[in-house]
Amino acid sequence: MKNKTGKISGFILGVIGFLLMFKLVFLGNIPPEDEIAPGMVVIASLLDGLLFAFIGNLIQNYFGKNRNYK
């Protein structure tokens, strides 16, 4: 489980960050009579979460390597 910490935290951060940004930026500017496809919002948040999971994995691999210098 220790080797998946970067992926899991990156995914959670990406999904929550996208949904918060969507609520603050887009929902305030859209009139109530306009319809929004909720499926597309969920798909976009999942894709953003996957992107952040990849970035979290790269960061974890960079800082987590054992550097044995001789």
Without placing hydrogens or testing angles, list every side-chain donor-acceptor pair under 3.5 Å for residues 47-55, not counting sequence neighbours.
none

Side-chain polar contacts of residues 14-32 - donor-acceptor pairs under 3.5 angstrom, sequence neighbours left out - could you list them?
residue: N29; atom: ND2; partner: V25; partner atom: O; Å: 2.8

In a table with atom names and distances, give each donor-acceptor pair under 3.5 Å that connects a side chain of residues 36-44 to protein atoms at least two apart or in another chain.
none

